[in-house]
Amino acid sequence: MTGAALAAVAVGIILEDVPVFVAGGGVLALLILFAVLGGKRRPAGGEPPAGRLALARIEDLRATGGESADVPVKFRLTVAPEPEDGRPAYRVKITQHINLVDLPAYRPRGIAVVEYRPDKPWDVRIVTRPTPEWSRRAEEAEIDSAPDSTLVSNPDVDEGSWCLLVLLAFLAGAVLVVLLFRGPLFTAANDEDTPPDSPPKSSSTSRTFTTSTTVSGPSSSLLAFGRMRATAMELESRVDTAYVTEVTIEDHRMAVSGDSTRPPTETFHLQSLPYELLPTLVREARTTLGIRTPETWRIDITPPTGNGVGPRVRITVTGPEGTARLDADATGRVVDRRGVGEAD
């Protein structure tokens with residue numbers, strides 16, 4: 001129904017057919033109304049069992065980016081319920097928003113306090129502010145990894161099949177409406193006249209952009225934890241695409257540049273950069289490359305060259321002794337160093 005309604009709206013606009021446009025828009029409005037009313041319904045029945053606290057071993061975690069101070073993080077956990085719960089340890093995968101300030105506290109093989117529901121063991125939430133007693137238990141506990149065969153998931157959700165079914169139904173509705181009006185649509189397409197003197201549009205027209213910002217105030221240095229990613233999010237909101245060709249970072253300034261005509265291999269996503277690791281690389285460059293009194297530093301991030309994978313990070317430090325640089329890959333691993341007198 002949604003696919004048919006949207007297709008009817010599009011056909012009505014193309015053919016300038018008011019009844020078709022109104023019919024499609026009316027059905028679409030009804031579907032939205034039904035969705036809103038359906039979302040307000042609550043299943044009847046008693047209250048669900050209260051959540052229970054337990055300890056969990058962090059098998060793996062990966063931040064997936066975000067546009068605020070709370071970053072969505074995908075966790076793989078081994079949950080170890082209390083003995084009185086009568087349930088053995090099991091694996092689970094969850095996604096939870098973690099504040100950038102708290103992110104370093106979670107690491108692979110670490111122990112976290114979680115809350116889970118006995119009736120729905122896949123419904124697990126990390127307790128970011130546990131009580132002192134549970135914090136002490138988490139510091140002292142050692143939990144073995146549960147085998148992959150114990151992985152639990154919501155049996156009522158089959159995301160792959162559901163997405164495929166929605167897509168097929170949406171396309172079926174849209175195709176049905178287009179087929180019903182195929183005659184007028186094709187006729188309208190053939191009747192369109194192109195002015196003879198109109199020059200063809202060039203697909204190679206460059207669409208470049210550059211934007212920058214200067215930070216100020218308390219802890220204004222971009223080396224402050226979380227400041228680089230937050231500034232990158234601010235710059236991303238100013239441009240049409242997050243795929244850029246260059247990022248420049250100085251102590252109080254960040255700038256990004258891009259070109260929408262560049263192929264994907266010559267760009268990189270603004271939020272894919274390891275901002276949390278860059279301050280450590282800057283400190284390493286300022287202390288290990290032979291410059292005793294570093295005056296300025298600069299980070300230049302560019303797309304990969306040759307057979308490289310991921311963007312290239314170059315940190316340049318200057319001081320009375322001269323200039324030095326340090327190169328790293330997209331994971332923050334140092335790949336080259338050039339001390340004073342060696343930097344090109």
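These figures come from a predicted structure and were not determined experimentally.
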Can you give me the closest heavy-atom contact between Val127 and Pro130, atom names plus distance? O-CD, 3.5 Å

So, are Glu82 and Arg52 salt-bridged, with charged N and O less than 4.0 Å apart? no

Does a salt bridge link Asp336 with Arg338, judged by any charged N lying under 4.0 Å from a carboxylate O? yes

Check Asp85 with Arg87, please: is the shortest side-chain N to carboxylate O separation under 4.0 Å? no

Shared hydrophobic cluster, Leu61 / Val113 (ILVMFWY, side-chain heavy atoms < 4.5 Å): no

Does the side chain of Glu250 come under 3.5 Å of the side chain of Thr296 through a donor N or O and an acceptor N or O? no

State plainly whether the residues Asp60 and Lys93 are in salt-bridge range, i.e. N to O under 4.0 Å. no

Minimum heavy-atom separation for Ala242 and Glu236, please, with both atom names. CB-OE2, 3.3 Å

Is there a path of hydrophobic side-chain contacts, each under 4.5 Å between heavy atoms, that joins Val334 and Ile249? yes

Please report the closest heavy-atom contact between Arg238 and Glu234, naming both atoms and the distance. NH2-OE2, 2.8 Å

Do Met254 and Val239 share a hydrophobic cluster, counting only Ile, Leu, Val, Met, Phe, Trp and Tyr and linking them when any side-chain heavy atoms are less than 4.5 Å apart? yes

For Phe268 and Ile301, which heavy atoms make the closest approach, and how far apart are they? CZ-O, 3.6 Å

How far does CZ of Arg283 sit from OG1 of Thr287, to the nearest 0.5 angstrom? 9.5 Å

Please check if the number of heavy atoms outside Arg136 that lie under 6.0 Å from its CZ is greater than 12. yes

Thr245 and Glu266 side chains, donor-acceptor separation under 3.5 Å: no

Do NZ/NE/NH1/NH2 and the carboxylate oxygens of Arg298 and Asp300 come within less than 4.0 Å? yes

Mind running salt bridge (charged side-chain N to carboxylate O under 4.0 Å, His left out) on Glu276 and Arg229 for me, showing each step along the way? CA-CA 8 Å; Glu276 290 75 21; Arg229 186 173 295 278; 2.8 Å; yes

Decide, yes or no, whether a salt bridge links Arg91 with Asp148 under the criterion of side-chain N to carboxylate O below 4.0 Å. yes

Are more than 12 heavy atoms from other residues, nucleotides or ligands located less than 6.0 Å from atom CZ of Phe209? yes

For Glu142, does the CD atom sit with more than 12 other heavy atoms under 6.0 Å from it, leaving out its own atoms? no

Any chance you could measure Asp123, atom CG, to Ile94, atom CD1, to the nearest 0.5 Å? 9.5 Å

Can you tell me if OH on Tyr106 sees more than 12 non-hydrogen neighbours from other groups inside 6.0 Å? yes

Ion pair Arg286/Glu284, N-O distance below 4.0 Å: no

Would you call Tyr90 and Val124 a side-chain contact if the rule is heavy atoms closer than 4.5 Å? yes

Residue pair Ala8 / Gly24: nearest heavy atoms and the distance that separates them: CB-CA, 3.7 Å

